[in-house]
Structure formats: structure tokens, C-alpha cells
Amino acid sequence: MNKNIFFLAALSVAVAFTGCTKDFEDINSNPNEPASVSPGFLLTSAQKSIMDRMNDSFWGSRRGMQLAQHWSSNQYSNESRYQFRTEVTNSSWSGFYAGPLQDLQQIIDLNTDFAEDMAGFGSNGNQIAVAKLLQAWSFQMLTDAWGPIPMSEALQGVLNTTPNYDSQAAVYAGIMGLINDAMSSMDDGAGPQGDQVYGGDMMMWERFANTLKLRVAMRMSDVDPAGAKAAGEAALGGSIIDDNMYNAQFPYIDAAPNNNPVNEDYKTRNDFAASNTMVDWMTALNDPRMGVYFSPNLEGNFVGEVYGLDEANAALTPNDNVSQRGAAVLAGNFPGIFLDAAQTHFLVAEAAERGWGNGLDAEAAYNAAITYSMQWWGLTDADAINAYLGQADVAYATAAGDWKQKIGSQKWAALYMQGHEAWAEVRRLDAPTLNACADGHLGGDGSVPARFQYPLDEQTLNNSGWESGVSELNGSDALETKLWWDVN
Amino acid sequence: MAFICDWRRFAKNLKQLKYMNAMRNQLLLLLASFAFGVSAAMAQSVSGKVTDSANGEGLPGVAVVVVGSNTGVMSDMDGVYRIQAATGDVLSFSFIGFNTVRKEVSGASMDVSMESGVALDEVVVTALGVSREKKALGYSVQELGNSAFTDAKTENVVRSLTGKIAGVQVTSGTAIGSSSKVLLRGASSITGDNQPLFVVDGVPMDNADYSSGNTQRATGGYDYGNAIQDLNPDDIESVSVLKGPAAAALYGSRASNGAIVVTTKSGKGYQSSGKRGIGISVNSGVAFNNVYVLPDYQNSYGGGAGTAWIDTIDGNFIPDYGYDGSWGPKLDGTMVRHWDSWYDYEGDADFGQTRAWSPTESDVADYFQTGVTLTNNVSVTGATDESAFRLSYTNHDQTGVYENSSLDRNTLSFSGSQQVSEDLEASVSMNYVQSQGNGRPQTGYGNSIMSQFTQWGQRQLSMDRLRNYKNPDGSHRTWNRNSVTDASPHYWDNPFWERYENVQNDQRDRVFGNITMKYKINDVFSLMGRALSDFYIDRREERVAVGGVNESSYSESTRQLQETNLDAYLNFTDDLSDDLNLTGFVGVNQRIRNFKRLNAYTLGGLNTPGLYTVNNGADGYEVGDFSSSKVVNSVLGSASFGYKRKFYADFTGRNDWSSTLPEANSSYFYPSATASYVLSEDLDMDAVSFAKVRLGWAQVGNDTDPYRTATTYAVNTNFGNGGSATVPNSQNNPNLRPEKTSSWEAGLELNLFLDKVRFDFTYYSSTTEDLIFNVPVSASSGYSSAVLNAGKTSNKGIEMSLAATLAQTDDLRWDIGMNFAKNRNELLELADGIENIRYTSLFGVTLEARPGQPLGTFYGYDFQYDDDGNKLVDDDGFYLSSDEVQPLGTILPNFTGGVYTTLDYKNLSFYALVDFQDGGSLHSYSNQWGKYSGTLAETAMDADGNDIRDPGFAGVVVEGVNATTGAENTVAIDPQSHFFYNQGYIIHAADQYDASFVKLREMRLDYSLPADMVEGSPFSNVSIGVFGRNLAILHKNVPHIDPEVATSASNIQGFEGGQLPAERTIGVNVKFGL
């Protein structure tokens, strides 16, 4: 009897305990992070993280800026000799997919699934439009770096942790689809909150959409001339970023952590200097942008660090002897550039040469492009610009080479600080001719890499997807494997 | 003695209990002896006193038998016996817990001193602090006494477990106050740290180390050590190691990797040994630490990227100060301007001077000093008939081998008990620990001081000259200046600048203890209620001074943890019949864990140099805070049956409700059943003195961390005035299920030849399913990881201990023993869509788990081999790298163990322990980059003694066969290319090493002053001892570093970067007892 009482007591305590679990949901709700946020916060984060990655020390400085040969390495020169770090490939890949692309997807999903709740942060259509345009911009940059990439099966979380890769042709079609969807989604309602690029001005995003469409169309113009022309002409029929006031730029602030990553990196390391490729090219043309792009060496001269030196030889070049990066580009508030007027006008010039649209003037567009570039870099003296344009080696009529070489070379110079875009256009236009690595290459076949190898993570975490990508590349996950649009 | 319980302690503390238990047992022994007896003749009366050799006190209840007869008696309460025996007869004296003594009758008076040894019904502390006869247990338990922790003290008690217990693997960091990870039977889970639960007097102790991911993978940060090092060795009474889930099923989830149950000293033992009044004891020790494993450097070539001088100024050669490698000019005595000749300050004698470019006269070893540790402990113990207490104070004062580093720890502990009434006992235990660290060294690739000595260093540098690290105006003097004109550091600070300018400090204040009430209802039932709490505040401050290579900064973080456990148990014990005994309990437990963190750091550097406040950030500061709560409610019960003192069976059951799991899956039940059979009770073999077989089966459920079920957003710093937030990189899971570990074990204990040979063997096998892990997934899914029930893993292994008494006389006892353990771990399967589970990766080498492989397998590029196992070489003479990543080895060893010996001769006691590990793999960045940067010996001289950098040397011809021709490779390559292309930077396998070792871990020599010398002094016993720890690495397979690598206590192990050199400790201990 005595015993039974105690067992009963224990049992009743046990029963009382199980009742406590009703508080568990409260206990386990995260007090540190919100369960919902303004989609504007996501948009700000996405815009910033795209540009953070484009300007960081590995994806930006060691890849884009070196492959374009705008900069050289002054000591650890492996990347400039085409030996790329697998870890960096990993973090850049995931930095885009699991970062801004996912945030943008979340904006699209929230405005689709919870349209009413989200309408207060800008019209649903406009929020979706801006998110899709930024996704389109990012996918183009990614596919131009790697070729086939996951797109149609990407961004689905645990529903698909091993997405297949789409061929680059399919990715380009997908990008066009995103741009078209975005344009048809735009409405007269309020623009999205949290838009650091255009402050929610949808007229500006329309220019962005058309310009991006033109840029995408142009990239595929050699491989799908008819499709490219149709899309390009449609884009040219709308408003475009034809003035610097329309440029799509991320406005970095001169204070950590919202400063430009180049500035942040420079605070503790100075691994890069002006490359001789660019300094020599600009010297030959008396380019007035030289003094903004770079600073002179200790003796007051512009001397580029020889591109592609091995470590020993790079170290033998004292920093004092070569031109360093200019103060403007090392500033904390140097903006991150999505699209600008200079490249738009180069695209127009090329469209003219390709016979797109009516009444386009290649020479005028070429001059406008260079002029907008000069002006953007603060060189507003019209006489100086005209003097530059008037030089025989610059003037469209007299400069050396065919239109591709003329436009390609000048565009390459104007795309300073947009290393990845410059590298893509060098591959497509095959101009200018960049230098071979001075001390030989460490990876690839010695030519400027046509793409990057896939990140090691994809081999191990998404082997089936990775294999589908490699097979789209005809089995060759190599630096020298040319991309779909790179047919010349 | 490693695996044998400390019987002196046992004899003192549990004497009363023992006496009662013993009587019944002794009678049985006595009867058993008679069964084979033959009558003796010519008997006379022999008498004497049986005493405990440890303290000279009389031993009651000793069975005294005339061997070969049916005559036997028991000694009385004072240890006195009287028996009829003839001269020439042999008397056998046996007593539980003591080695049986046989003596020939030589006269009418025979005193006998008995020594504690292996006993049949050894009592060990098991789960929930229940003292159980080891005999009755169906699972493996090993226990260590106080001396295992105090005779050769270290600042982290976990290290004292090294090599002493089978199946316990301890991995320790090298620097002052660094972490020590302990694994029992390998790693079962992919989450958490797989460490066993530490329980101190019933209090589950937090053992977090809060190390960053970078610290774990050896790429930087400070190793603050794990929190269990707050445990004071001087206060430890005993430590029971409960391996495997069966032993610990009742502690719940956290003990699924076993439990380490610590009982601290209390006044109870003093009281139950019959003492009254006050006793005082004093232990003092001093120990000296020195580094003893340093890389083998080359001393022929100095800093620089190539052998040419970088410049000539005013006719003086200029070396390349900015290059952090040693492929520079030969150290041939050429006069050059060294780095320190450019500081134009008044009175600077080196300014403008040239000195010889020669091997350094003050090398890396001079960077380190001798560390000194002083420990002092005073304790007061007191008892009356109703109450007992113990009060203890310990001061641990340690200076590191790094200048300006220290660890200071003060521990105050109190325990007391009071018999309130005949049925009610109240007891309390409180401990306060304050530990303060200062100037801990940075760890890992890139930040550790060894990074700039080994991985990225200039070999000609003189430590004596570097010691002058600051100019009169406070500016930084570093060897790695950017150029002749630019004195700012290129990649590295002066190593002494780091010591004196970038100083961190930390403090942890911790209070833990319990309040317990026990009420005896009747002979069968008793109630126990307890409140147990562990609370600490951990504060860390890190500084980077203005003028160094890194942006100046100040950061501070405060963490606060409180865990409270509330328990109530109804205990019962009853003899159901003469043969059948039942003991057990039912109980409830509630565990509440609250954690808070607040951290703040400056942005954009410091405005005012030398001012370390958060407000001093040039771009302001950033603040982060985090808090988490977790509650687990449990109902548990246990029933233990004993039949005829030879069959035992235990059953336990526990149901948990955890707040961290989705509501539908928050409840989970797990049972265990164990059985044992004391074979020797039925075995009629003279050689076998004890034999037992054990069998056990158990399940343990496991929950997860808070906030892993619902989706939330990560909030970024505002951009301008606007908010910024992002979808987290990790996808949470609303459908998580609890993890479940099922295991069984079988064991055999066998004592032979009157317990002179002692053998214990265990085989175990466990499977953990529904492993909860934040699984890295392809980022193209939009997330870089997802919280999943990710897979299933198994552990199988054996543990064995063998000990033997090789010699035993009145004055001498010599024992030797060994522990051995082998564990096989395998990931059996993974959830759909998951191809592998990755812990971390660095420079392309990943540590991960794939089905069919052990948890913690390295993957990276390997060499290419032909069918005969030869490495393939290309036409240019370089090794070929595999096309895809390959498994390169696992961090888990093949087997581990220790061999020890104890030699007691009169008042002298000697102990030595050698421990070993076979296999296990590590990736060494010290080796990889040390070769890359030309600092290590092999980069200047090959195995045949050739100067391979000499222009006349033909070059390096690597061993291997040409991939196209199959012929032996004969192509010579220049050494710098060899140490770049053929090493771990390109072919990861080249710097993957076998982590096997044999170490002389511990040696001790103790001397107790003989009783007659102490007599007249106020002390009852005085002893002095000399000890050494980590005395030598007797064998290893990895060059330049200590194969034991640890920079945190997390699951991420096996990456070595900038390893801080291993330290050897030699010290002296003095103990006084009143």
C-alpha cells in the first residue's frame, strides 16, 4: 500500500511534466532573429552583397581585375598566372547563390505567396521586377565565368540540393526570360523600398532592364545573331542608360562595414599594382584617365608592374618603383557599378556595326561612350576629351583594326573596376590583345582563360550536377574550354 | 594505478558500509575455504593484529584461514585475530579490497599488514552518483582516484586522463590554458563535439569552448580552452569514466557519448572514517614548462624570394625585407643592411650599419621562456557525529612560455552535510572559480607566432634583435617592413610586438554546486530532492594595436550561461527474498539552460592609439547580442536486481521532452538493460580468483540546439539609415526528429592467481541514426547548408586493460599494466539527396564524412599511382595530381593506449606512463608552407647531405615513374619548383601525415616521510614528489611538429597550422596532512 502511494505520486509528477511542453514553442522561438522582415531589407542586402563580391579581394581583385589585366600582383601572383584557389571558387559561387540570388528569390516568393502582406513595401509587380532584373544581372555574370550553371533547378533549398546544370544557351534564354518577365511585371505603383541603387524609381529600372537586355543580346550576337538582333532592337526601342545620371551604381559609404571592399582590403594589404598592360596602352594614347585610375610611382612616372611575374620576380619589383592604384578607386565610397552609360554607348556602337535598328551611328556612339567614361571619372574638360578623341590612334575613323578591335580596346579601358565584364568582352571581341604571363602560366594553356573551373564544392556536394555541367562543356572542366557565345 | 580504484580512499571513506557488506561476504569466503579443508594437527594458538598498510589501522573482518584446513576465524573490530594453527601451517589473510596475504606460522604472535588491491566487490560511482558494486554492473566503468589528478598536475584536468583509461582519447592543445578534447569510444555524432558529459557532484558541467570556426580548423584566433578546466584537481576525490551509452543512459541525451562523473572531496569521508574534529591538509607544487618540439629549420639561406639582392644602396646590399620566405641569398657572411639598420633615432647604434648575412645566433627557441606554475591548496575538514564539512582554497598561478602570458585561477569550494534528524539529511556543495588569462598566444595558420617562424619566415632573423620591437616614439619595428623607405609591416608584425601590444585577456567567474535533501521513509524507500546549478560569466577582450599589420581594433564579448537541474527521486531497496535483492528509483528531472552573449567591436580601426574601448572605433562600432533558452523535462526510472550475489540485471527507462524539437517529435523514450554474471562464484578453478561476464544494451535519444526548426532572417548592419537582412545560409527544418543511438556491449573481467593478474575486456557496438546535422549542401540550392536528420553512423570497438603484480613483498610492490582500445567508426548512410557531410575545408582540403568512410575523413588531391604503387611523374619531372579528390585518411586513430608501471618500495613510489596512438591522419600546414617558403631543413639540404640550392646542384629528381614511358623518373627540377608543385599546395596528399605517436607522458617519484620522522611534528603525513609530463616523443611519423594537434575541443580536428610548440612540464609537489 505504502509503495503504491509513492508510485502514484511519481506518476502524477510525470503527468504534470508532460503538460509543460505546451510552452516549448515559445521557448524555441528565436529571440535573436525576426521571423519576418521588410522585403526592402532583403533588397538592400542583395544589392550590397552582389557588389561586395564583385569588388572583394578574391573574386574582384584577384580574378576580374587580373584577368582583364587592369591590375598586376606585386607578390603572390598565382592568380595572375592562372593558378586559381579552389577555396575562393567555392566561396564566390556560394556567395552569389546562397546570398543575393536567394534573397532576391525570397522577395519574388513573398510577393507571390503573400502578395497582400508585401504590397506596403512597393507594388508587388515592381518588387518582383527589380528582384528579377538583379537575378538576371547576376546569372549573366556567373554563366560568363563558368559556362553551364544551375539555373532552372537552382534556389529550391532542400527540395533540390543537387540541381542540374543548364547549358549556357539555356541560361541565356532564362536570363532573357527574367528580363522580359520583369518588364511586364512593372506597374505604376510604388517602387520597392530598400532600393539603394535607384531609390525605387521604376523609370530608372526600365532603363536598367533595356540596357541589360542589350548587353545580354550583344553577348550572344555571334552565336545567335537573329535572336540577339531581335532582343537588341527591342531593347534599343526603349529607354536605356544613355547618360551617367542613369548609371546603376551601389553607393558605398565611407565607413566600415559599408565601405567598398577594395578600400577595406587596402587597409591591411597592398597586393596589387597597376598592370603594365593597361599603363602601356594608356601611355601610348596619352589617356587622361591615367591619373585617376592609377597613381605615379615614387619618381612621378606611370610604370606598370609587369603582368604575370612569378613570386620571386614580383617581389623584386619594389612598390615604390611602380604605379599603384589611384586614390579614387581605393576610396571607401567608390561605388560598385552594375551598368553605366559608357558601356551602353559602346553597345550602341556595336549594334550600329551589326546593323541593328535604324539610324544608329557607330562613331557617334563610340565618341559618346569615351566621353561619358571620362566624365564619370571626373574629367570634364571638353577640350581635353576632344583632344583625346582627335588622336589618330583613338579616332574611330583612323584607329587601328576593325570595329571590334576599336570598340573592344576602348571598352576594355572604360570598364576599369568592372573586371569581370571587361574580361567577358575581351573574350568576345578578342580585343585588345592582352599580354602573356611574363614568367609563364601556371594553369590553362597560357591564353587568357576562357572560363573558370567549377568549384571543388560542386564536385563533392553536387557531383551529379557537376557532371551534367561538365558534359555540357563536352567533358572538359578546363580553363581553356570556350564558352557557348565565345565562337571567335 | 590506472584502472584500479584507489583503495586507500575506499578503505577510509566507505569503511562502515564495507564492514557490513564485508561481513556477509567474508563469511562466504570463509565457508568456501572450509569446503576443501583437511584437518590439521598439533595446533597452537596464534594471534596478532591485521593492519591496513596504508595507515596502520586495524582491519576488522579479515578472514584468517589455515590453508588446507577447515579452521578459520575473523579479525575483530580492532583487527585482532586468534586462531589455532601449527608451526609450518600457512595462514591466509583475505579481505575485500586487499591483496590476500599468505604467511607461514613461525610463532605464537604474527602481525600482518595488508595492502589494498583489487577487490571482488569494488564500489564505483555510476550514473546519478549512485555508488554501486562494480561486480554488479553490466557495463564498463573505470575509476581514477585523486592522485591521478594531483601528482602531476596540469591546468586542464582532462589531460590527466591521457593514457590511463582504455578507450579514452585525449587531444590537447599546446599553449597555456588551451583546450583538451576527450573522446570515449570514438565519435558517434556529427553534431556537437562528441565529448562525454562531465558531472561534478551531480551537477552537469558546461564544457563549451566558444572557439571560432577559424580556430577549429587551425587558421587563427585564440584557444581559450574548454570550460571543464575550471575543475580543480585538488578538490577531486575520484573520477568515474562511464563509457558508452549503457553506463550513462540515465543522464539523458548529453551522455550519449558517455559520462565522466566526478566526486569531490567532502567532510563525509573524514566523518565516516571515524574521525572527529578538524583536519588540515596543504598541497603545494611548482612546475616548469619549456617548449620541446620545434621544427627543424635550414640555416643556409636567408629571407628573400630569390638569391639576388633586391637592391644596392650606397654600395650596401639590401635584402628583401618585404618577402616572408627564405629562398633568399646564401648566408655566407656578406655584409648587408639588415632590417634594423633603417631606424634613424638618436642613439640607435644599428642605424646605417651593415652586418654579416649569416645564420642567426638567436633562433626561434630564444623566443620562448620558461613558464612557471605555482599551485597551492589548503583544505580544512571537520566532522561531528551529526555534521561534516570541507573548505578548500586553491591558487593556480601560471606564467606561460610566451612572454607576457599568464593564467591565474582561484578556487574556493565548500561542502557540508548535516543529519537534521534520524531520517533527514541535508547537504550543500558550493564552488567558486575565477580564472584569468592574459596574453594567450594566437593559434593557427596565419596568426600563430609559429606562422612567421615556420610558414612564412626569414631564417636569418635574430630573436635578441627582434626583442627591441618598438622605436622611442612608439612606432613599430618589424623585420617585414614594406621597403627601405616604408617601415610599415608588409605581412607580419614583429613577434614581440604581438606579445606586448596585441594583448588579449579573459576572465571567467563560475559558481556551481548543489543543495540536496535526503529523507528516509522506511527501510525500503527514501526520497531525494536536489537543485543543481552551474553558472558562469565569461568575458574576453582582444586588442590589435595601431601600427601593426592588421587594422587596429578592440573587441569584447561577454557570455553568460546558467544551467539549472531540478531533480526528485524516490529510491527503493528491498530484499524480495533471501536470494533476490531489488534496488532502484523513479524520478523526474527538469533541465533549464539559458545562454546570453553580448559582443562589441570597433569598426575602421582605433581613433586614439592605445585606448581600448568600444567607443574608440574610427568608424564607430558594432554590437551583437544573442540569447538562447532550452528546457528538457524528463521522467526516469531504474530497477536493479541481484540474485544470489552472482546474477545481476539492471533496467532503466527515460522519457525526455525537449523544447528544441518540433512539437510533434519533442517526446522520446529510451530504455536500457544490462546483465552480469559472476562466473567465479560457480567456477572451481584455483587460478581464477574472479571472473565476470557482462552484457548490456541501451538506447539514448538526442535533441539539438535551440532554434533550428523555424525560418528566421539574419539581420545585417544597417546600410545608411536603412535596414538590411538576408535569408540565412542555413535552412532550418520544421520536421526534425530526435537522434537515436542504440548500442550493446559485452565484457569479461578476469582476475587470476590471487588477483596478481587482472584483465578486463569489452566489445561494443553502437549505431546512431537520424543524426541531426547542419549539412553543407550545394550552394546552388540557395542555401549552403540545411539542418537535416542526415544519416546513420556506427561505432564498433574493443577496450582492454591488463595489469599484473610482478613482485610483492612487505616492502616492495611492482605493478605493470596497459590499456588498449580500438574503435571503428563508419558513416553507414546519408539522407536522400545528400552526398557527403562536410565539417570544414581549408586550402582545398576538406574534412568530411561519406558513406562507407569514418566520420572525419580528409579529402583532397592525391598523387597518381601506377598499378605497382609508384607515383607517376610527368615529362617535366613533376608529380601528377589525381583528377578528382580522393580520401586521404581519417582523423580517427586505429588504436590508442598506454603502458604504465608502478614501483613502490617502502616510502618511495615510482610511476611512469607511456601512451601511444597508432594511425589517425592530420594535414600539416606548417610542413606545407614551411617547404613552400623555404624555411624547413629539407628545402636546403637533401637526405644525402647535398646543398640542393647550390647553383652547381643538378636539381631534385623525385622518386617515381614517368607516366608515359613507365621508366624511372630522371628529370631534375629546381628545388623551389619542387617545394611548390610537388607539395600539399598542389597535391594535398603530400602534406597529409600519419599522426601516430609514442610519448613518455608522465613520470613521478614520490617519497612519503616515514611515520617516525613525522612523529612529534604537527603533521600526520608528509610527502614530496617530483613529476614530469610530456617528457619525450619517443616516436612519431610527422616531421617538424607534434602529431597531437588540437586548437579547440570541437569535432573539427586534424588540421595543423602554425602549431604552437609542445611543452614539457617538470615539477615538484609537497603535501602535508594534519
Side-chain angles (χ1 to χ4, degrees), chain A residues 6 10 13-14 17-18 20-21 24-25 27-35 37-38 41-42 44-45 48 86-87 93-94 97-98 102-103 105-106 150 154-158 160-163 194 196 253 255-258 267-268 311-312 315-316 318-320 456 458-463 465, chain B residues 305-306 310 320 322-323 482-483 485 525 549-551 570 586 588 603-604 619 626-627 629 631 633 635 657 659-660 663 666 706-707 709-710 712-717 719-720 722-727 729 731 776-784 786 833-836 843-844 846 859 884-885:
Chain A
F6 283 105
V13 175
F17 253 56
T18 59
C20 294
T21 59
F24 278 4
E25 212 170 304
I27 294 168
N28 205 36
S29 63
N30 192 337
N32 309 293
E33 295 184 345
V37 290
S38 156
F41 292 6
L42 296 173
T44 298
S45 179
K48 178 168 185 288
T86 38
E87 282 264 300
W93 176 280
S94 63
Y97 275 106
Q102 177 67 345
D103 289 336
Q105 189 61 43
Q106 190 79 357
L155 307 178
Q156 296 175 16
V158 290
N160 190 349
T161 53
T162 53
Q196 302 298 334
I253 299 168
N258 292 321
K267 286 179 180 174
T268 55
E311 287 193 9
L316 280 173
N319 283 351
D320 292 348
L456 203 53
E458 283 292 292
Q459 236 187 85
T460 57
L461 297 175
N462 181 17
N463 194 262
Chain B
I310 196 168
D320 187 354
Y323 190 81
N482 268 302
S483 67
T485 52
F525 289 103
V549 68
N550 290 319
E551 185 179 74
L570 175 69
V586 288
V588 291
L603 292 173
D619 292 343
F626 175 82
S627 66
S629 298
V631 174
N633 294 330
V635 175
W657 290 264
S659 69
T660 61
E663 202 171 345
S666 68
Y707 319 136
T709 54
T712 53
Y713 294 90
V715 177
N716 304 323
T717 308
F719 185 81
S724 175
T726 182
V727 178
N729 289 336
Q731 189 172 21
V777 294
S778 166
S780 44
S781 70
Y783 295 90
S784 47
I834 305 298
E835 296 180 352
N836 68 347
F843 296 119
T846 61
Y859 276 83
E884 293 192 31
V885 295

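Note: hydrogens, waters and symmetry copies are ignored here, and every other heavy atom, side chains too, is used. As the structure is a computational prediction, the values presented were derived from the model and not from experiment. Proteins come first, then strands; the chains are lettered A, B, ... in the order of their sequence lines, and each starts at number 1.
- Remark: A:S94 engages B:A779 in a side-chain contact (heavy atoms from CB on, under 4.5 Å) (not counting sequence neighbours).
- Using a 4.5 Å cut-off between heavy atoms, B:V631 contacts chain A through both its backbone and its side chain.
- A distance of 9.5 Å separates CG in B:N716 from OG1 in A:T44, rounded to the nearest 0.5 Å.
- Checked by atom type and distance alone, the side chain of B:Q731 pairs as donor or acceptor with a backbone atom of A:V158 at under 3.5 Å.
- The side chain to side chain donor-acceptor pair (under 3.5 Å) test applied to A:N462 returns A:E458, not counting sequence neighbours.
- You'll find the side chain of A:W93 reaches within 4.5 Å of the side chain of B:S780, heavy atoms only.
- You'll find the side chain of B:Y859 stays beyond 4.5 Å of the side chain of A:L456, heavy atoms only.
- A:P257 and B:L603 make their closest contact through CD-CD1, 3.8 Å (heavy atoms, listed as atom of the first residue, atom of the second, distance).
- Looking at B:A710, neither its backbone nor its side chain comes within 4.5 Å of chain A, counting heavy atoms on both sides.
- Side-chain contact between A:N160 and B:S781 is absent, with no heavy atoms from C-beta onward closer than 4.5 Å.
- Atom OG1 of B:T726 is separated from atom CZ of A:F41 by 13.0 Å, given to the nearest 0.5 angstrom.
- Annotation: the span from B:E884 atom CD to A:N463 atom CG amounts to 6.5 Å, rounded to 0.5 Å.
- For the options B:N550, B:T660, B:D619, heavy-atom pairs under 4.5 Å to chain A are most numerous at B:D619.
- Of all the listed residues (B:V777, B:V727, B:I310, B:N482), the one sharing the greatest number of non-hydrogen pairs under 4.5 Å with chain A is B:V727.
- The distance from atom CG of A:D103 to atom OH of B:Y713, rounded to the nearest 0.5 Å, is 9.0 Å.
- Looking at A:Q105, neither its backbone nor its side chain comes within 4.5 Å of chain B, counting heavy atoms on both sides.
- When A:A154, A:P31, A:G157, A:S38 are compared by the number of non-hydrogen pairs under 4.5 Å with chain B, A:G157 comes out ahead.
- Considering OG1 of B:T717 and NZ of A:K48, their distance stands at 7.5 Å, rounded to 0.5 Å.
- In this structure, the side chains of A:I27 and B:S629 come closer than 4.5 Å at one or more pairs of heavy atoms.
- Here the straight-line distance linking atom CG of B:N836 with atom CD of A:Q459 works out to 11.0 Å at 0.5 Å rounding.
- Side-chain atoms of A:E33 and B:Y707 include no donor-acceptor pair closer than 3.5 Å.
- Interface residue A:P34: backbone and side-chain heavy atoms are both found under 4.5 Å from chain B.
- Contact annotation for A:S29: only backbone heavy atoms (N, CA, C, O) come within less than 4.5 Å of a heavy atom of chain B.
- Side chains of A:S45 and B:F719 form no contact here, defined as non-hydrogen atoms less than 4.5 Å apart.
- Under 3.5 Å, the side chains of A:N28 and B:S659 contain no donor-acceptor pair of N or O atoms.
- Counting heavy-atom pairs under 4.5 Å between each of B:G720, B:S627, B:P776 and chain A puts B:S627 at the top.
- Only the side chain of A:D320 comes within contact range of chain B, with heavy atoms under 4.5 Å apart.
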